[in-house]
Q: 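Got a structure for you, written out below as structure tokens; questions coming shortly.
What you are looking at is a predicted structure, and each value in this text was computed from that prediction instead of being measured. Atoms considered below: every heavy atom in the structure, side chains included; atoms not considered: hydrogens, waters and symmetry mates.
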Amino acid sequence: MKIPKKTKGYCKYCKKTTEQKISLVKTGTKRSALKHGSKERAEKRGRGRGAGNKGRYSKPAISKFKRVGAKTSKKLNLKLTCNVCNKSIIKSGSRTKKVELE
């Protein structure tokens, strides 16, 4: 996806349409080795606390218990910086695999 480096848009601080510089912002933060979903699945498989079988012997090993249909692209955040007042807003964009600022 190609995005221009500059665009015209409304600045809520200046309260008028100004030229704005576009830059990319990294999304998300790093977490522990086991993400929330992995922890949840492990708990349901009986690796967490509790009693009972929980399908432990009727399911494959956890190493083969992969996420099916996982997302292949990340969400993109755009940072729009006003050229007049130098304030910025972050706009959440769409999902794309590759982004190019031109």
Q: How long is the span from the CD atom in E19 to the CG atom in N83, to the nearest 0.5 Å?
A: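 Going from the CD atom of E19 to the CG atom of N83 covers 5.5 Å.
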Q: Excluding sequence neighbours, so at least two apart, what forms side chain to side chain contact (heavy atoms under 4.5 Å, CB included) with I89?
A: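 I89 satisfies side chain to side chain contact (heavy atoms under 4.5 Å, CB included) with K12, Y13, L80 only.
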Q: Looking only at non-hydrogen atoms, find the nearest pair between S88 and K79 and report the distance.
A: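 Here S88 and K79 meet closest at OG-CE, 3.4 Å.
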Q: Nearest 0.5 Å please: distance from the CZ atom of R95 over to the NZ atom of K75.
A: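 With rounding to 0.5 Å, CZ (R95) is 5.5 Å from NZ (K75).
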Q: By side chain to side chain contact (heavy atoms under 4.5 Å, CB included), which residues pair with T72, not counting sequence neighbours?
A: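 Residues passing side chain to side chain contact (heavy atoms under 4.5 Å, CB included) with T72: K97.
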Q: Do L24 and L78 make a side-chain contact, defined as non-hydrogen atoms from C-beta onward lying under 4.5 Å apart?
A: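 Yes - at least one pair of side-chain heavy atoms lies under 4.5 Å apart.
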Q: Taking side chain to side chain contact (heavy atoms under 4.5 Å, CB included) as the definition, give me every residue that meets it alongside T96, ordered by chain and number, with sequence neighbours left out.
A: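 By the side chain to side chain contact (heavy atoms under 4.5 Å, CB included) rule, T96 matches M1, L76, S94, V99.
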Q: Using side-chain heavy atoms (C-beta onward) and a distance below 4.5 Å, is C11 in contact with Q20?
A: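 Result yes, sub-4.5 Å side-chain heavy-atom pair found.
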Q: Applying side chain to side chain contact (heavy atoms under 4.5 Å, CB included), can you list everything that pairs with K16, at least two apart in sequence or on another chain?
A: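 With neighbours one apart ignored, the set is C14, T18.
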Q: Compare every heavy atom of L101 with every heavy atom of K5, then report the nearest pair and how far apart it is.
A: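 Reported closest heavy-atom pair: CE-O, 4.0 Å.
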